[in-house]
Every structure is written in structure tokens, then in C-alpha cells.
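The next block holds one structure in the form of C-alpha cells; read it before the comments.
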Amino acid sequence: MKGLIKEKLETLLREKYSLEGLNYTIEEPKDRHLGDLATNVCFLLSKHLKKPPSVLAEEMAKELSNEDFQAEPLRGFINFRFSEGRIKEGFRELLNLASNYYFEDIGKGKRLQVEFVSANPTGPLHLGHGRGAVVGDALYRLLKAFGYDVVREYYINDAGYQVYLFGLSILYRVYELFGKEDQELKEKFEEEGYKGNYIKELAKDVKAFFGEEVLGWDREQAIEKLGEYGVKRMLEDIKETLAFMGVEFDLWVSEKSLHQRGLVENVIKLLEEKGYTYTQEGALWFKSSNFGDDKDRVLVRSDGTPTYFAGDIAYHYYKYERGFDGVINLWGADHWGYLPRLKGALKALGIPEDWLKVEFVQMVKLFSGGKEIRMSKRTGEFITLRELLEEVGVDAVRFIFLTKRSDTPLDFDIDLVKQNTAENPVFYVQYAHARVRGVFREVRQRFGIDPDKESLTEYTEHMKDQQGLELMKKLLFFKDTLRDAVLSLSPHLIVYDLLEIAKLFHNYYNHHRVMVEDKSLMMGRLSLLKGVEIGLKVGLNLIGVNAPERM
RNA sequence: GUGCCCGUAGCUCAGUUGGAUAGAGCGUGGGUCUCCGGAACCCAAGGUCGGGGGUUCAAGUCCCCCCGGGCACGCCA
């Protein structure tokens, strides 16, 4: 709908004022009584033409109005109001195309990769990962719907010191179970080990599976073995939890495998050849400070092992080689300081600046009994994502994680969501969908009809209610919102429109009976409801929440 | 200490290429039902947009300072 006005406005600007590329806005006015859409173009124009905005608005509005919309000047703004005819024409298009009405080919087959979650396989997923999973999945669905060719990827950090510590922690708990003392191990564990209860669970399984055999292993060998075992187990757990919440990945890339395939070595060699490295104190450094980072970073430690950073450069270089047109990474906000060095490395390798986009997902703070529940892998107690999902339901968790921009922290009061499940906004939207479906069920039962889109389109004209027209408009505008959501990679915008559509619908429903004597009017109202159904379903599908037939 | 992010109604949050009288949900108070799903609807109260200065025709939005909260500053990942 915005496009309609923009087109007309551009033509006028070009022909009458010979101006192009002006950075004006077309958006819904704060006060809905003023019109459906409004533009501030006259304020910007007045600088160029040295005429007051109000005068410009007057003269432009006269030329803009047509059969599709009325343009009215007011204090320098131009307000637009769509004609009933135009709204209904748009609405018939919506009914005809169904969900396809909302999707357009913005991506044109561009190949994108979205990397998200990528939680370390040394512990279960926590809420922050869940938020990343929900946002990443919604982003994937959104991009895919708009014509991008998208691959979802999970990078498994199954290498390095953390895996060693993980194995060590398991071994410590296993020894504990057998009553075996190892002072050195104990000290190391207390200093750096993972203290979570899940380690104890793993240790029990190890005891049951390997038995006394473990005690016979050399300590270092045991740590390595148990680290591997633990990673495998945690990965299974992570996959299961993600599957439980309906999040899938196309590819799981193991950091370890990058090392084994020599990709890390290759990329280090590449940087060396370009002269962006040097050796100091036995370690190999990358000159990241030449590329916008505040200091240089180690690629290969003095003991000869490559760092996580080196592996990550290789991973991204490998992504680039695979031919992606762009890559979107979702990172926890605690990785903010890591971005300059990775960007720097990619720049050094000649990869275009805007190829990698990083979206930050801020942490989720969990509250219970008015107190924050701390989540830490190192210090022990925390609520896992799985527990939360089982407690409040997948749909509610997904919805709530998307009610806020992902790059700002989110407070999640578990008591509130648990107690007031029925008050949760997700049910409000789902209820609207179920209600619409209920009406169609009832119509079939009472009148034995199941109207197809041809007859509904035909009767759209008979829907005369003012509130219904507002609802139609909102459903058409939803298309503009989805477009904005894709272009700004902001899936949370969808949620707010869903709530508004649901609200307008519930309002309409409470004031207008559908099954009335006048069969034309009934069909007209059913056509409106069909549009609501389509819009809600599209939105809910995009955020991965069920659109239930009944509740 | 340095850098970055955040501070909007009692609570959780929208509003971010600067636009009109700052919005929603929850909570609170009042009301709506002979009726297709009351998990609903309507109305109301509730705001120095952390504070101060500046830029602008126009600032929640941009700039500076201050206050408060968070995160990052490893040869961890």
C-alpha cells in the first residue's frame, strides 16, 4: 500500500519539482484519525524550494488525490486516506493469493547463510541460547519467504581448552563416585572446572557404561576420552532441545573437523603470505590492529596449538569459499569485543566489508520470586532451556523472545508466565485464529457451506462495516511490516502487528455477528474473516508459532 | 580505568534513516452477554521519555556532560 503512494509522489516530485532521491518517510500517523498514511516530504522540500511546508502541502495534495486515495494537507504534512474501493480491491487480491500476497521476491535467490546458537557443547542450552535459536529461526523463515536461498548452520566448538576442562570435570566427578582421590585433579577442578549438576549426571552414566575400566586409564588419556564422550552427549542433548522447540539446522560444522581437514592451517598460511603476521614470544600473531582492532591477536600459541580465533577465521573463509553472497551471524552480546578482530581478519583476506553481518542477541535474565536466577556454567545452578520450554510451552517462549528487539536485554519473569499462562499474549493471537476457524466450522455445520475463495472474493463488496474496513487495511499494511522486517532483519516487528490484527479482530467480532439473515452480508463478513485467518497464519508461521484450529 | 549497549506508565516492553497531542500488553478501577468460542469486548486512571545543556521549523530519536544499570577488555571459547 505504501508503494502506491510512493509511486505517485515520486512522479510528482520528478515532473513538477525536478527532484529525486529525497529521503522522506511514508508512515502511519500517530493519530489514526488523521489518515491511513502520512508523509513529511514537504518539510524536506521546503529547504530546496524556499517555500513554507504548509504551502507546499496544499499545492501537492491537490495533485496527488486520485480514485485510490485522498490526499489532505495539514500543518505541512500530507495525510492519505485510501478509498473503500481501493481497500477492497487490495483485499480481494489478498484472498486470491492467500499467503503469497505477503511474500515478494526480494532475495532473488541470493545465497545466504545464517549461523546461530552455536553454543559450546560443554553444557546444556540456557535461555540466551534459546533466544538466539528463536530469533535465528524466525530470521531464516522470513528470509526464505522473501526469496533468499538460506542455509542454517551451527558451529560446534568441540576443540580447545574448554573441552579439556569439560573432560577433566567429568573425570573428577567419576573419581568422586568411585571414592578415588587425586589432589592435583581436585585443585584444577576447583579452580576452573564446570560445577553444574549435569556433570554429575554425566559421571554417573560414565560409571554405568565404562565401570571400573575408567580407573585404569591414564589421567590425561581419561580426560581426553571423557571430553569427547561428554561433547557427544551434550550435542545430543542440544539437538534434542532444539528439535523440541522446532528449530532445525541444515548443517552442523565441527571446529575440530576444520583443524583435521587442514583448513585452519591453510588460512594461517594465507595470512602469513600476505605479511599480516609476526612471531613474538614463540606465538604467531595476526596484525589485527592494522584492521581496526585495538590490539593484535594470537593465531598460534607458543605451544603450537591454534587458537579459537584462528579456527573461526578459517570457518568464515571457508563460508566465503562456499559461495555465499552474505552471512548473518547471531552472537551473544558478550562477544561484542570479538567482532573487530574477525572483521579485521576477513578484510585482510580480501572479503568485502558488508559480507558478514552480525546481529547481537542480548542475554535473558530470569526472575523468580522477585529475584534474579543466575545462570552460569562454571558456578553451578541454572535453569536450562529445556526446563523452561516444558514449564511454559514452546509457543509462549518463542513469542515472548520475539516481543523485544534481540539486541537489548530481556527480563523473563518465570512466575508470571507460569501463573498467567492464559494472559499470555501468544494465546490472545492464537485465540483469534482459533475463533475464526471456529466460525467457519459453525458455518459449515449450520448451512452446509464451505465457501471457496471465488465466492468470498465476490462477496467482499458486501462487507460494509467501518471496523471491518479498518481491519482490512491493517491486514494489507501487514505486508509493509513484513517487508520492513526482512530488510532490517527484525523479526520482532511481526509480533506487534499480529497483536494489533488480533485486537482489531476481537473487537470486530464482539460487535458484529457473522451468521445473520442477510446472506450477502454474512458472506461479506466471512470474506473479512478469511483474510484475518490468512494474515494471522502467515505471521504465526514466520515466527514458528502454531496457528491452532481450536484451543 | 578504557570501549560499547541500555535507562520510556506500577511491571514487561514498542516507538532507532528526527516529524503532528509519546503507544501496547499485563496489573488497577468501572462497565458489556437472550447471541457464531467470555481465553473476548468497551471506558477510565496512570508519563519531568534517568538529569542537564546544545543542534533544528521539529528531539524519546542526533551531539556534549553527569547519574544509574549491564557487557567486553585472555596465548578461554
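Order of the sequence lines sets the chain letters (A, B, ...), proteins ahead of strands, with each chain counted from 1. Note that the coordinates shown come from a computational prediction; the quantities given were computed from them, not determined experimentally. Note: hydrogens, waters and symmetry copies are ignored here, and every other heavy atom, side chains too, is used.
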**Message:** Test: salt bridge (Lys or Arg N to Asp or Glu O under 4.0 Å). Region: residues 392-406 of chain A. Which pairs qualify, not counting sequence neighbours?
**Reply:** A:Asp137-A:Arg398, A:Arg405-A:Asp407
**Message:** Going by the rule side chain to side chain contact (heavy atoms under 4.5 Å, CB included), which residues pair with A:Ser46 if we only count those two or more places apart in sequence or in a different chain?
**Reply:** A:Pro53, A:Leu56
**Nucleotide of B:A77, B:G25, B:A72 approaching A:Asp334 most closely (side-chain heavy atoms)** = B:A72
**Item:** Residue list, salt bridge (Lys or Arg N to Asp or Glu O under 4.0 Å) with A:Asp303, at least two apart or on another chain
**Value:** none
**Request:** Can you tell me, in whole Å, how much space there is between the P of B:U2 and that of B:C66?
**Result:** 10 Å
**Asked** Distance check: side-chain N/O of A:Thr122 vs OP1/OP2 of B:C76, anything under 4.0 Å?
**Response** no
**Asked** Think A:Lys295 has a side-chain N or O under 4.0 angstrom from the OP1 or OP2 of B:G74?
**Response** yes
**Item:** Partner residues of A:Tyr278 under the side chain to side chain donor-acceptor pair (under 3.5 Å) criterion, sequence neighbours left out
**Value:** A:Asp296
**Distance, rounded to the nearest Å, where A:Trp336 contributes CH2 and B:U2 contributes P** = 17 Å
**Rounded P spacing from B:C63 to B:G25 in Å** = 32 Å
**Fill in**
Among B:A40, B:C42, B:C36, the one nearest any side-chain atom of A:Arg446 is B:C36
**Test: A:Glu533 and A:Lys530 ion pair at under 4.0 Å** = yes
**Prompt:** What residues, two or more places apart in sequence or in another chain, satisfy salt bridge (Lys or Arg N to Asp or Glu O under 4.0 Å) together with A:Arg446?
**Reply:** A:Glu442
**Asked** B:U28 and B:U16: how far apart are their C1' atoms, nearest whole angstrom?
**Response** 32 Å
**Asked** How far, in whole Å, is B:G31 from B:G54 if one measures between their P atoms?
**Response** 50 Å
**Request:** Confirm from the modelled atom types if A:Asp411 and B:U12 form a donor-acceptor pair under 3.5 Å, side chain to base only.
**Result:** no
**Message:** I'd like to know if A:Lys474 pairs up with A:Glu470 as an ion pair, taking the criterion as any Lys NZ or Arg NE/NH1/NH2 lying under 4.0 Å from an Asp or Glu carboxylate oxygen.
**Reply:** no
**Message:** Checking contacts here: which listed nucleotide (B:A39, B:A77, B:A14) is nearest the side-chain heavy atoms of A:Phe427?
**Reply:** B:A39
**Asked** Quick one: is A:Lys503 getting a side-chain N or O under 4.0 Å of the B:G25 phosphate, OP1 or OP2?
**Response** yes
**Asked** Is A:Asn507 near enough to B:C42 that one of its side-chain N or O atoms lies under 4.0 angstrom from OP1 or OP2?
**Response** yes
**Under-3.5 Å donor-acceptor pair between A:Ser302 side chain and B:C75 base** = yes
**Request:** Could you work out which one of B:C75, B:U12, B:A40 sits closest to the side chain of A:Arg435?
**Result:** B:A40
**Complete:** For A:Tyr508, the side chain to side chain donor-acceptor pair (under 3.5 Å) test, sequence neighbours excluded, returns A:Asp465, A:Arg525
**Item:** 5' priority, RNA chain B, between A:His335 and A:Ile26 [closest heavy atom]
**Value:** A:Ile26
**Asked** When the distance from CG of A:Leu299 to P of B:C75 is rounded to whole Å, what number comes out?
**Response** 12 Å
**Message:** Please give the distance between the P atoms of B:U12 and B:U8 as a whole number of Å.
**Reply:** 8 Å
**Asked** Can you tell me how far C1' in B:G10 sits from the matching atom in B:G53, rounded to whole Å?
**Response** 31 Å
**Options B:C75, B:C36, B:C13, nucleotide nearest the side-chain atoms of A:Trp285** = B:C75
**Distance below 4.0 Å between A:Arg301 side-chain N/O and B:C76 OP1 or OP2** = yes
**Asked** Which residues pass the side chain to side chain donor-acceptor pair (under 3.5 Å) test with A:Glu10, sequence neighbours left out?
**Response** A:Tyr24
**Prompt:** Taking the side chain of A:Arg441 as heavy atoms from C-beta outward, which of B:G15, B:G37, B:C75 is closest to it?
**Reply:** B:G37
**Request:** Whenever both distances are under 3.5 Å in a Watson-Crick or G-U wobble pair, mark it; put RNA chain B into dot-bracket that way, with [ ] for crossing pairs and | when the partner is on another strand.
**Result:** (((((((..((((.....[...)))).(((((.......))))).....(((((..]....))))))))))))....
**Item:** With sequence neighbours excluded, residues passing side chain to side chain contact (heavy atoms under 4.5 Å, CB included) with A:Ala57
**Value:** A:Cys42, A:Pro73, A:Ile78
**Request:** Before accepting this row, confirm whether a basic side-chain N of the pair A:Asp293/A:Lys343 lies closer than 4.0 Å to the acidic partner's carboxylate O.
**Result:** no
**Request:** Tell me which of A:Arg437 and A:Tyr24 sits closer to the 5' end of RNA chain B, going by the nucleotide each one is nearest to.
**Result:** A:Tyr24
**Prompt:** What interatomic distance, in whole Å, is found between C1' of B:A22 and the corresponding atom of B:A14?
**Reply:** 11 Å
**Prompt:** Is there a side-chain polar atom (N or O) of A:His506 under 4.0 Å from OP1 or OP2 of B:G25?
**Reply:** no
**Request:** Figure out the CE/C1' separation between A:Met234 and B:A77, and round it to whole Å.
**Result:** 16 Å
**A:Tyr431-A:Phe427 aromatic ring centre distance below 6.0 Å** = no
**Request:** In whole angstrom, give the distance that lies between atom CD of A:Gln162 and atom C1' of B:G74.
**Result:** 14 Å
**Asked** Salt bridge check: are A:Lys473 and A:Glu28 linked by an N-O gap of less than 4.0 Å?
**Response** no
**Prompt:** For the residue pair A:Phe189 and A:Tyr172, does the interplanar ring angle fall in the parallel (under 30°), tilted (30 to 60°) or perpendicular (over 60°) class?
**Reply:** parallel
**Asked** Near RNA chain B, under 4.0 Å by heavy atom, which residues of residues 338-346 of chain A?
**Response** A:Tyr338, A:Arg341
**Prompt:** What nucleotide, of B:C75, B:C42, B:C36, holds the atom closest to the side chain of A:Val514?
**Reply:** B:C36
**Asked** Whole-Å distance between B:C42 C1' and A:Asn510 CG?
**Response** 9 Å
**Prompt:** Taking atom P of B:G7 as reference, at what distance in whole Å does atom NZ of A:Lys365 sit?
**Reply:** 13 Å
**Item:** Atom pair distance, as rounded to whole Å: CG in A:Asp294 and C1' in B:C73
**Value:** 8 Å
Would you list the protein and nucleotides 19-21 of chain B atom pairs, both N or O, that sit under 3.5 Å from each other?
from	atom 1	to	atom 2	distance (Å)
B:G19	N7	A:Asn40	ND2	2.8
B:A20	OP2	A:Lys30	NZ	3.1
B:A20	N6	A:Asn79	OD1	2.5
B:A20	N1	A:Asn79	OD1	3.0
B:A20	N1	A:Asn79	ND2	3.2

**Asked** When the distance from CD of A:Glu500 to C1' of B:A24 is rounded to whole Å, what number comes out?
**Response** 9 Å
**Request:** When you get a sec, tell me which of B:G37, B:C75, B:G74 is the closest nucleotide to the side chain of A:Tyr509?
**Result:** B:G37
**Message:** Please report the distance separating the P of B:A59 from the corresponding atom of B:C49, rounded so that it comes out in whole Å.
**Reply:** 13 Å
**Prompt:** Excluding sequence neighbours, so at least two apart, what forms side chain to side chain donor-acceptor pair (under 3.5 Å) with A:Asp294?
**Reply:** none
